Each structure stands twice: as structure tokens, then as C-alpha cells.
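Structure first, then comments.
Every value quoted in this text rests on a predicted model; they were computed, and no experiment measured them. Per chain, numbering begins at 1; letters A, B, ... match sequence-line order.
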Amino acid sequence: MPELPEVETIKRELEPHVVGRELTAVNICDTKIVAHLSPKILKDRITGKRIESLKRRGKYLLFRLSSGDYLIIHLRMSGAILLNPQQPLPHTRLILRLDDGTELVFTDRRRLGIVSLTDSEKPVEDKLGPEPLKPHFTAEEFANRLQRRKAPIKAVLLDQKVIAGIGNMYADEALFKAGIHPLRPANSLSLQETERLHTAIISTLRSAIKNKGASVETYLRPNGETGTAHFHFKVAHRGGRPCPTCGTPIQRLPIRNRGSYFCPCCQKY
DNA sequence: CCCGGAACCTGAAGGC
DNA sequence: TGCCTTCAGGTTCCGG
């Protein structure tokens with residue numbers, strides 16, 4: 001499941017291969033993945049354009065084109081982008097060919113990912129809160145946002161308008177690191193707890209990026225290799241296994257229909 | 001605005 | 001063996 005660290009890894013590993021290159025051919029294999037405009041218009045508007053830069057914002061990838069447009073890709077649950085795969089891949093949705101022969105292949109087993117085109121960053125920007133790894137994500141601003149919400153902290157961490165880029169796995173890992181129960185109402189956290197969580201979010205994401213993301217389910221890096229961040233998970237996807245700190249079995253609890261993993265001993269309500 | 005639940009989607013896994 | 005149900009979760013939509 002691509003979250004911020006996975007999308008950041010893809011961005012970094014794709015960047016040197018795509019920036020400055022021209023899109024010479026666009027093959028939309030599954031028109032259903034194109035959102036907000038017709039597949040034909042998207043294809044016509046990006047073919048022949050140069051990729052000026054590649055940026056990640058939250059879980060979105062934005063390719064800025066020489067036309068001034070932004071080609072936007074969101075991988076959702078099962079999307080991946082592969083560079084020059086050795087053989088045809090199952091669930092291929094989109095193929096971009098560049099002027100040096102490079103091929104970018106967007107695959108998506110569950111078909112929930114989207115490709116779109118906009119003339120500014122605004123549509124993406126409007127959906128998202130602060131980037132957690134940028135200096136403007138401060139503990140004060142974080143505390144402010146939490147104070148307005150009484151929903152479970154786990155649910156609030158998944159709200160992209162509160163913080164951009166956190167998903168189910170890293171929400172669980174950050175809450176464990178901060179020692180906070182996932183069902184605690186967001187506005188019940190003390191200032192100290194909020195600061196611990198703020199720090200935990202940043203260190204959890206940084207460490208996952210160092211490990212090139214977590215390969216659970218279908219996530220792969222553009223070169224086809226897996227990430228290693230999941231080997232360092234303490235609670236995420238580890239229901240029933242002993243907590244690495246105290247040995248208590250990790251519990252699984254559905255919150256907002258998402259499996260939430262936590263240690264009932266280290267994260268008391 | 002805020003909240004929780006359902007829908008979208010497909011393949012894997014488990015029950016019978 | 002095979003059919004059926006359940007589960008996985010990022011985002012959006014909807015009713016309260």
C-alpha cells in the first residue's frame with residue numbers, strides 16, 4: 001500500500017530517468033483509470049511534451065510538463081510504476097514511452113489508482129494538509145488541528161487534510177512509537193502526547209524512506225525490487241505476535257473499517 | 001464543519 | 001474440487 005515513504009521512493013528513483021525527457025508515446029490500456037477528463041484528451045495533451053520536473057505531494061505524484069500541465073498519478077491501494085520491465089506485466093493500465101526509449105509502466109491490480117491532468121497544482125493542494133517532513137509541520141500547528149477533532153486519533157491521522165501522506169501502516173507505527181492508544185479522541189491528547197506523536201510521525205516516515213518503503217501486498221520500486229521498511233514494523237500487520245517492547249500479543253481492532261494494530265500494554269487508553 | 005459508514009475494486013484466503 | 005464469503009485500504013460520497 002503506497003503511502004508517503006513508498007511514493008517518495010518512487011519519486012526519487014524515477015526522477016533521474018524522466019526529468020528532461022519527452023513523452024513520445026502514450027498507451028492508455030485501461031481507460032477507467034483516467035479521472036476528470038476523457039482519456040483521448042489526456043493522451044493528446046501530453047504526447048510530445050517534455051517532463052520538466054517530478055514532485056511528490058502527499059501520496060500524489062505530479063509530473064510538470066513543458067505545456068504547463070501536470071500529469072497526476074495516485075497509486076491508491078495496489079498501484080506501482082515500473083521502469084523498463086523485462087516482460088509484459090499483468091494489470092498494466094498505462095504505458096508512457098520517453099524519447100530515449102525508456103518505458104514507464106503503471107500497473108494496478110485493484111484498479112483503484114487514478115491518472116489525471118490539471119493546469120495547476122491547486123486541485124491536489126486543496127485536498128491536502130501540511131507535508132509532515134517539511135519544517136512548516138510544527139507540533140503547534142499539529143496540536144491545533146487535533147484540538148478540533150474528537151474522532152479517534154487513528155482516524156484523524158488518516159485524514160489527508162490534517163497531515164498529507166500518512167496511511168494505515170504508518171499511522172499504526174507512529175501511534176505505537178508515541179505510546180498512544182488508537183481509539184483515543186484526538187482532542188483528548190495532552191500537549192506532551194501531541195509532541196511525542198509529532199516526533200514519532202517524522203521519525204517513522206524518515207526511517208521508512210531510508211528503507212525504500214514497505215513491500216506489503218503489491219508495492220515495488222520502479223526497478224522491480226522490494227522495499228525493506230516492513231521488516232522494521234513493530235505493530236503494523238503483526239496481529240497476535242509479541243510486542244517487541246513488552247512481549248504482549250499485538251491486538252487488531254477495526255477503526256473506520258481499517259485494521260488497526262497496537263500493543264494493549266504499551267498503548268493504554 | 002465534523003463524524004461514521006458504504007462504495008469503489010480485484011485477487012487471495014478460508015470455510016464448508 | 002468448487003462455490004461462496006470475507007478481507008485488504010486510499011479516497012470519495014452521503015446521510016445525520
Assess whether atom NZ of A:Lys234 is packed by more than 12 heavy atoms of other residues, nucleotides or ligands within 6.0 Å. no
Output the rounded distance in Å from CG (A:Leu75) to P (C:dT11). 10 Å
Whole Å only: how far is the CZ atom of A:Arg110 from the P atom of C:dT6? 17 Å
A:Arg184, CZ: over 12 other non-hydrogen atoms inside 6.0 angstrom: yes
With heavy atoms of chain A within less than 4.0 Å as the criterion, where does contact along DNA chain B begin and end? B:dC2 to B:dG11
Between A:Gln160 and C:dG10, is there a contact of a side-chain N or O with OP1 or OP2 at under 4.0 Å? no
With nearest nucleotides of DNA chain B determined for A:Arg149 and A:Met77 from heavy-atom distances, which residue corresponds to the more 5′ nucleotide? A:Arg149
Ion pair A:Lys55/A:Glu121, N-O distance below 4.0 Å: yes
Overall bend of the helix from B:dC2-C:dG16 to B:dC16-C:dG2 (five pairs an end, 10° steps) is 50°
Round to the nearest Å and state the distance from A:Met1 atom CE to C:dC7 atom C1'. 11 Å
Inspect the surroundings of NE2 in A:His17 and state if more than 12 heavy atoms from other residues, nucleotides or ligands are less than 6.0 Å away. no
If I take atom CG in residue A:Leu158 and atom C1' in nucleotide C:dG9, what distance separates them, rounded to the nearest angstrom? 9 Å
Rounded interatomic separation in angstrom, taking CZ from A:Arg76 and P from C:dA8: 19 Å
If each of A:Asn257 and A:Asp159 is mapped to the nucleotide of DNA chain B with the nearest heavy atom, which maps nearer the 5' terminus, i.e. the 5' end? A:Asp159
On the nucleotide C:dG9, are OP1 or OP2 found under 4.0 Å from the side-chain N or O atoms that A:His237 carries? yes
In whole Å, what is the span from the CZ atom of A:Arg57 to the C1' atom of C:dG10? 16 Å
DNA chain C: 5'-proximal contact among A:Gly259 and A:Lys127 (nearest heavy atom): A:Gly259
Take A:Asp30 and A:Arg111 through the test salt bridge (charged side-chain N to carboxylate O under 4.0 Å, His left out) and record every step on the way to the result. CA-CA 9 Å; A:Asp30 178 1; A:Arg111 235 178 156 197; 2.8 Å; yes
Phosphate contact (C:dA8 OP1 or OP2) by A:Arg252 side-chain N/O below 4.0 Å: yes
Nearest whole Å is fine: how far is C:dA8 P from A:Glu3 CD? 15 Å
Whole-Å distance separating the CD1 atom of A:Ile255 from the C1' atom of C:dA8: 16 Å
